[in-house]
Structures are given as structure tokens and as C-alpha cells.
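Written below as C-alpha cells is the structure these notes are about.
Atoms considered below: every heavy atom in the structure, side chains included; atoms not considered: hydrogens, waters and symmetry mates.
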Amino acid sequence: MKSAVAAGAVALHRRAIDGVLFADKPVGITSQTAVLRAKQFYAAAKAGHTGTLDPMASGLLPVCFGEATKFSHLLLDADKEYVATIRLGTTTSTGDLEGAVTATAPVDVNQAAVEAVLNGFVGEILQTPPMYSAIKHAGKPLYRYARAGIAVDRAPRCVRIRRLVLDGYSGNEMHISLACSKGTYVRVLAEDIGRALGCGACLSALRRTVIGQFTIDGALPFDALQAMTTNEREAYLKPVDTLVAALPRIDLDAAQTRSIRSGIVVGSVEHAAQGLVRLYGPGERYLGIAMVEPPGRLVPRRLMATSP
């Protein structure tokens with residue numbers, strides 16, 4: 001009973017806060033653990049992240065609070081960039097060093113051979129999602145089947161590797177940087193590279209540096225956030241519309257704002273480009289996003305519950 005009261009007291013101190021935190025997730029914790037820590041820093045009632053990083057991975061993790069969670073899908077769909085280290089000659093059960101070693105092989109390749117193989121993966125490729133992933137089969141994530149020793153058939157998926165560069169090669173490890181589409185598993189890419197080289201491989205380090213138009217520059221490590229005062233943390237939190245800054249902007253008058261916020265389509269909008277746009281009402285108030293459809297119809301998609 002006492003613990004329930006204490007839990008209730010903690011819950012009462014949670015507050016509705018809207019904004020985006022660009023965090024630098026450390027190695028050794030899950031993305032969900034990172035979100036829970038961020039919620040504690042800000043005493044936030046609601047939070048979510050925009051793209052999972054495995055515990056062994058570090059790097060850019062935007063954490064969305066409150067109303068910002070409505071727009072996080074725009075970053076989930078965005079291209080990503082990483083720097084990674086691949087260990088040649090070692091194959092594991094998970095595709096990275098967190099798994100059990102399943103095979104080893106001698107490594108007899110040179111830099112020219114490595115670069116030739118990497119070039120073969122640039123462009124659209126097919127990837128088979130790993131068993132140790134959150135993709136669901138029959139309502140359960142694949143990793144649960146994997147932990148139970150059950151293999152499930154997975155259909156290959158088309159992803160795009162926009163850039164794949166060898167940054168360094170020494171011994172049995174190669175350092176690469178890459179830009180890729182959503183849904184790309186760098187673990188699987190490492191395995192496929194090792195298979196193409198004939199020696200096997202696994203991912204030994206991974207760091208995400210870019211999501212869409214946002215970079216790791218300026219992202220704060222959790223120890224820095226912990227050392228901040230409450231006011232400093234508040235000042236660092238970015239506004240909700242940061243997530244949609246790349247979309248075209250449309251400003252609405254008071255009557256149009258009332259219509260959009262009531263879920264009513266607004267006609268005759270003077271905006272040539274069709275597609276998603278960000279909306280602002282009187283006083284520069286961010287309203288949400290809408291779709292411009294012919295002939296100039298503005299159809300609300302996701303809107304702020306209240307204007308900041």
C-alpha cells in the first residue's frame with residue numbers, strides 16, 4: 001500500500017510538456033530506457049523516441065514530449081546516417097558482438113577488395129530483417145521467437161544505401177560511414193558484407209549521426225543533461241514545430257484557423273505545391289500539419305491539441 005501511494009505521488013508530479021530533446025544516447029542502454037531517463041529529467045507525462053537504437057549503439061536520438069509525439073513519424077520515415085565498425089572473420093547469432101559467436105574464419109582480403117564489395121551495396125538492395133528485431137509476426141516481435149530458438153520466415157525488404165564509404169581498414173576491422181533509407185539494418189548489412197568477402201562479419205560498433213535534417217552536432221549526452229539545472233534543461237528543449245521545419249509553411253487567418261482546428265477542409269489555399277505542409281495561425285502559433293490537395297484544398301492531418 002505504501003509503495004502504491006509513493007508511485008501515485010510521483011505520478012502527480014508529472015507534467016504536460018511539449019517539445020523535442022535531441023539526445024546523444026550512450027552505449028549500454030535501450031532507446032526506451034533513454035526515453036524513461038529523459039522523462040525523469042523533465043518530469044514529463046508523455047514521451048517517445050523517433051527510431052530505435054540497439055543497446056550497443058550510440059548517437060542521435062530525438063525524444064519527443066507531449067504534442068511532439070504526434071509528429072515523430074516524420075523522422076521515423078527520414079533517411080539516417082551512421083558511422084560503424086565491422087569485424088571481419090566473426091559471425092554471431094545476432095549480427096553484432098552482443099550475440100554468441102557462431103563461426104570464425106581467416107580474413108584474407110585487401111582494401112581494394114573491401115572497397116569493391118562496398119560499392120556493390122550502394123543503391124537499392126534487398127535485406128532480410130534479422131530475427132533479433134522488433135518486427136512483429138503473428139502479433140509478437142521476432143526477438144521473442146529468436147530467444148525461444150524458433151526461426152520465422154521473413155520476406156526480404158527493399159532498402160536504399162545512398163552512400164557507403166570505407167573510412168579505415170586495419171587488421172580484421174573496417175570503419176565505414178553510410179547514409180541509408182528507413183528500415184535499413186546495419187547489422188544485416190555487416191553480415192552481408194562479410195558474406196560477400198567470404199569470411200563472415202558482424203557489427204562491432206555503431207553510432208547514428210544524422211536523422212533527416214538533424215545532426216549529432218548539439219545533441220546532449222545524458223550526463224550533461226543530468227548536470228544541468230531545471231532552467232537550463234528547459235532552455236535546451238526545442239519547440240514542437242522543429243520536427244516539421246523542412247515542410248513548406250502556410251499561414252492561416254483567424255477564420256481558416258478555426259476551420260482547420262475543427263477538422264474542416266479549407267478550400268482555395270494559394271499554395272502551388274501539393275503535399276504535406278506546416279500550418280500557423282495568428283500570432284505565429286503552430287497548428288499542426290495538413291495535406292494540400294487539388295484544387296488547393298487544405299486537409300488537416302495532425303493538429304496540436306492546444307496552440308502553444
Side-chain angles (χ1 to χ4, degrees), residues 14-24 34-35 38-39 41-51 60-80 182 210-220 225 228 230-308:
R14 295 294 181 186
R15 60 192 178 120
I17 183 171
D18 304 319
V20 185
L21 168 68
F22 290 98
D24 187 346
V35 169
K39 285 180 70 175
F41 288 145
Y42 286 91
K46 181 180 181 182
H49 63 77
T50 59
L60 183 59
L61 184 72
V63 179
C64 299
F65 296 107
E67 290 291 281
T69 59
K70 293 181 177 179
F71 311 98
S72 61
H73 66 287
L74 296 173
L75 288 190
L76 291 173
D77 294 340
D79 285 357
K80 316 290 191 303
K182 70 170 184 176
V210 175
I211 302 178
Q213 73 271 34
F214 303 109
T215 72
I216 192 67
D217 297 335
L220 285 183
L225 281 165
M228 285 181 171
T230 300
N231 288 339
E232 287 172 336
R233 291 191 196 115
E234 294 287 341
Y236 184 77
L237 202 63
K238 307 302 181 186
V240 173
D241 62 343
T242 303
L243 295 173
V244 299
L247 296 178
R249 171 173 174 154
I250 291 182
D251 290 274
L252 304 178
D253 60 28
Q256 291 172 323
T257 296
R258 285 193 296 270
S259 295
I260 281 291
R261 298 197 63 186
S262 298
I264 300 173
V265 173
V266 174
S268 302
V269 174
E270 294 183 4
H271 188 77
Q274 297 178 24
L276 282 177
V277 295
R278 54 191 168 118
L279 305 178
Y280 293 82
E284 302 282 319
R285 293 176 301 171
Y286 174 60
L287 303 174
I289 59 175
M291 184 71 70
V292 177
E293 299 179 353
R297 299 167 69 248
L298 192 60
V299 182
R301 283 290 183 261
R302 299 195 180 191
L303 302 176
M304 297 281 285
T306 56
S307 295

Could you give the distance from [atom1] ([X]) to [atom2] ([Y]), rounded to the nearest 0.5 Å?
{"X": "Leu279", "Y": "Arg249", "atom1": "CG", "atom2": "CZ", "answer": "10.0 Å"}
{"X": "Thr242", "Y": "Gln213", "atom1": "OG1", "atom2": "CD", "answer": "9.5 Å"}
{"X": "Leu247", "Y": "Arg278", "atom1": "CG", "atom2": "CZ", "answer": "7.0 Å"}
{"X": "Asp18", "Y": "Thr69", "atom1": "CG", "atom2": "OG1", "answer": "8.5 Å"}
{"X": "Lys70", "Y": "Met304", "atom1": "NZ", "atom2": "CE", "answer": "7.5 Å"}
{"X": "Glu67", "Y": "Lys46", "atom1": "CD", "atom2": "NZ", "answer": "7.0 Å"}

State, to 0.1 Å, how close [X] and [Y] come at their nearest heavy-atom pair, and which atoms those are.
{"X": "Leu243", "Y": "Ser72", "value": "CD1-N, 4.3 Å"}
{"X": "Lys80", "Y": "Ala78", "value": "NZ-O, 2.8 Å"}
{"X": "Val240", "Y": "Ala68", "value": "CG1-CA, 3.8 Å"}
{"X": "Asp77", "Y": "Lys182", "value": "OD1-NZ, 3.2 Å"}
{"X": "Thr257", "Y": "Leu252", "value": "OG1-CB, 3.7 Å"}
{"X": "Tyr236", "Y": "Phe22", "value": "OH-O, 3.3 Å"}

If the condition is side-chain hydrogen bond (donor to acceptor under 3.5 Å, both in side chains), which residues does Glu234 pass it with, not counting sequence neighbours?
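Checked Glu234 against side-chain hydrogen bond (donor to acceptor under 3.5 Å, both in side chains); matches are Arg15.
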
Is there a side-chain contact between [X] and [Y] in this structure, where contact means two heavy atoms from C-beta onward sitting under 4.5 Å apart?
{"X": "Leu237", "Y": "Ile17", "result": "yes"}
{"X": "Ile216", "Y": "Asp24", "result": "yes"}
{"X": "Leu298", "Y": "Val277", "result": "yes"}

Which residues share a side chain to side chain contact (heavy atoms under 4.5 Å, CB included) with Asp217, sequence neighbours left out:
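Checked Asp217 against side chain to side chain contact (heavy atoms under 4.5 Å, CB included); matches are Thr215.
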
What pairs with Arg233 under side chain to side chain contact (heavy atoms under 4.5 Å, CB included), at least two apart in sequence or on another chain?
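Per chain and number, Arg233 pairs via side chain to side chain contact (heavy atoms under 4.5 Å, CB included) with Phe41, Tyr42, Met228, Thr230.
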
Taking the six-membered ring of Phe71 as reference, does the cationic atom of Arg302 (NZ for Lys, CZ for Arg) lie under 6.0 Å from its centre and within 45° of its axis?
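No, Arg302 does not lie over the aromatic ring of Phe71.
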
Under 3.5 Å, side chain of Asp253 to main-chain N/O of Gln256, donor-acceptor pair present?
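Indeed, once roles are kept as given, a pair shorter than 3.5 Å links the two residues.
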
